[in-house]
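To keep things clear, I will list the structure first and then write my remarks on it.
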Amino acid sequence: MAVKEIEMTVRGKSGNLETRLSIPGCAPKGIAFLSHPHPLFGGNMNNKVIHALNKSFLQENWITVRHNFRGVGKSQGVYDNGAGETEDLLALVQFYLELPEIKALFSSKPKTCFSGFSFGTYVSCKAASSNAPDFLLLLGTAAEKWKFDLPAVPTFLIHGEKDEVIPLKDALEWAGRFGQAVTVIPNTDHFFSKQIPLLQAMIKRAITWMNHYDPL
C-alpha cells in the first residue's frame, strides 16, 4: 500500500508544532489524530504504541496526523500539564480539517477520531469535551493519573492486564462510571510489551467498528 507522508509545521498558541501527515493510497474513510504519551518521560510521536496506532489506521484507509506536543522534538513551547497540550491538539484538528488538500479527499465532512496512549488519552478526552470527534480510541487510559471525564462520544478502550503505571482496576473503575466497556490485552504491561501484534488486531477491530457504527 502506497502511503504519502508529509512533514508539516503547524502554528499553535505556544509556537510551531511538529506534525506528520500520512495519507493512504486508497480513498480515505476518516482522519485520526494520534496523541503520544507523557512529554516529560520520553513520550513523542515515534513511540511504538503510537506507531502501532498509525500503522493500523493506515491499513484500514484512514488518514493519520501524528504530532509532538509543545516542548517535544521540534515543537516549540514547554510542557503545560495537559492544558496547553489540549490547545495544541485542538489547533491541529482545526488546521487539518480546513486544509484544502484534505477537504478535496472527501465528498462530505470526514469522520474524525481522537486517539491517544497514556497521557495522550487525557489530552484526547479534554479536547473531545471542547470539540467532539466522531470517535475516541484510547489505549492505556490515564485513569486516576489526572482527573477527567469520558465525553459522550462513541469510545473504544484498550488496556493491558498487567499495566504497572495505570492499574487495570483503576481503568475498569473509571470506565465503569461512564458505562464503558474495556478490551483487555492479557499478559502485558503499560507499553503492551510482547503483545503489539494482538494490540494491532484489537485496534483494527475498533476501526472496523467505527467504519460501521450506526448510532441507531
Side-chain angles (χ1 to χ4, degrees), residues 1-36 43-47 49-70 72-77 84-117 120-121 123-139 151 153-156 200 203-204 206-215:
M1 178 183 66
V3 174
K4 183 178 182 180
E5 291 202 343
I6 307 171
E7 305 287 339
M8 299 189 71
T9 299
V10 178
R11 185 69 180 175
K13 287 190 176 181
S14 67
N16 291 334
L17 297 171
E18 180 183 14
T19 77
R20 186 175 301 143
L21 172 68
S22 299
I23 303 174
C26 299
K29 297 178 180 178
I31 180 167
F33 296 86
L34 313 183
S35 294
H36 66 70
N44 60 63
M45 67 178 175
N46 296 314
N47 171 270
V49 177
I50 297 299
H51 177 75
L53 275 169
N54 185 68
K55 182 177 180 181
S56 299
F57 270 108
L58 287 169
Q59 288 176 341
E60 296 301 315
N61 296 322
W62 279 61
I63 294 171
T64 64
V65 176
R66 284 170 285 172
H67 65 281
N68 279 330
F69 286 124
R70 55 183 64 190
V72 178
K74 297 178 182 178
S75 292
Q76 296 175 330
E85 288 76 10
T86 300
E87 292 180 346
D88 292 345
L89 177 53
L90 290 171
L92 294 178
V93 171
Q94 180 178 8
F95 175 84
Y96 277 106
L97 290 183
E98 294 179 357
L99 193 67
E101 292 87 339
I102 296 295
K103 295 175 74 172
L105 296 172
F106 297 93
S107 58
S108 59
K109 183 181 178 182
K111 291 182 180 179
T112 55
C113 177
F114 294 177
S115 185
F117 168 48
T121 67
V123 174
S124 294
C125 284
K126 295 292 285 184
S129 296
S130 299
N131 185 2
D134 292 289
F135 304 101
L136 284 166
L137 173 54
L138 309 177
L139 280 57
V153 172
T155 300
F156 201 102
Q200 287 181 297
I203 293 170
K204 288 186 178 182
I207 299 169
T208 298
W209 166 74
M210 293 177 201
N211 289 340
H212 297 93
Y213 180 78
D214 184 350

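FYI, the numbering just counts along the sequence from 1.
The two residues W62 and I31 have their closest heavy-atom pair at CE3-N, 3.4 Å. Nearest heavy-atom pair across V3 and S22 is CG1-CB, 4.1 Å. Nearest approach of S35 to I50, heavy atoms of both residues: O-CD1, 3.4 Å. Contact between R20 and E7 at its shortest, heavy atoms only, is NE-OE2, 2.7 Å.
Not a single donor-acceptor pair under 3.5 Å links the side chain of K111 to the backbone N or O of K29. Of the possible polar contacts, one joining the D134 side chain to the T112 backbone as a donor-acceptor pair under 3.5 Å is found. N68 places a side-chain N or O within 3.5 Å of a backbone atom of M45 that can act as its donor or acceptor partner. The closest donor-acceptor contact from the side chain of T155 to the backbone of V153 lies under 3.5 Å. In terms of modelled atom types and a separation under 3.5 Å, the side chain of T19 and the main chain of M8 share a donor-acceptor contact. The backbone N or O of K204 lies less than 3.5 Å from no partner atom in the side chain of S56, so there is not a single donor-acceptor pair.
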Worksheet entry | Full working for side chain to side chain contact (heavy atoms under 4.5 Å, CB included) between I63 and Y96 | CA-CA 11 Å; I63 294 171; Y96 277 106; over 6 Å; no
Worksheet item: Passes side chain to side chain contact (heavy atoms under 4.5 Å, CB included), V72 versus H36? Steps please.
Response: CA-CA 10 Å; V72 178; H36 66 70; 4.1 Å; yes
Item to complete: Could you walk me through whether R11 and N16 pass side chain to side chain contact (heavy atoms under 4.5 Å, CB included), step by step?
Response: CA-CA 5 Å; R11 185 69 180 175; N16 291 334; 3.5 Å; yes
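Residues forming a ring-ring contact (aromatic ring centres under 6.0 Å, His included) with F95 (at least two apart in sequence, or on another chain): none.
Distance check: C113 SG to L137 CG gives 5.0 Å after rounding to the nearest 0.5 Å. S14 OG to E85 CD: the interatomic distance, rounded to the nearest 0.5 Å, is 8.0 Å.
Looking at R70 and E87, a side-chain N of the basic residue comes within less than 4.0 Å of a carboxylate O on the acidic one, giving a salt bridge.
No hydrogens or angles considered: a donor-acceptor pair under 3.5 Å links the side chains of T64 and N54.
Ring geometry for F114 versus F33: interplanar angle over 60°, hence perpendicular rather than tilted (30 to 60°). Taking the six-membered ring where tryptophan is involved, the planes of Y213 and F135 are perpendicular, since the angle between them exceeds 60° and thus also 30°.
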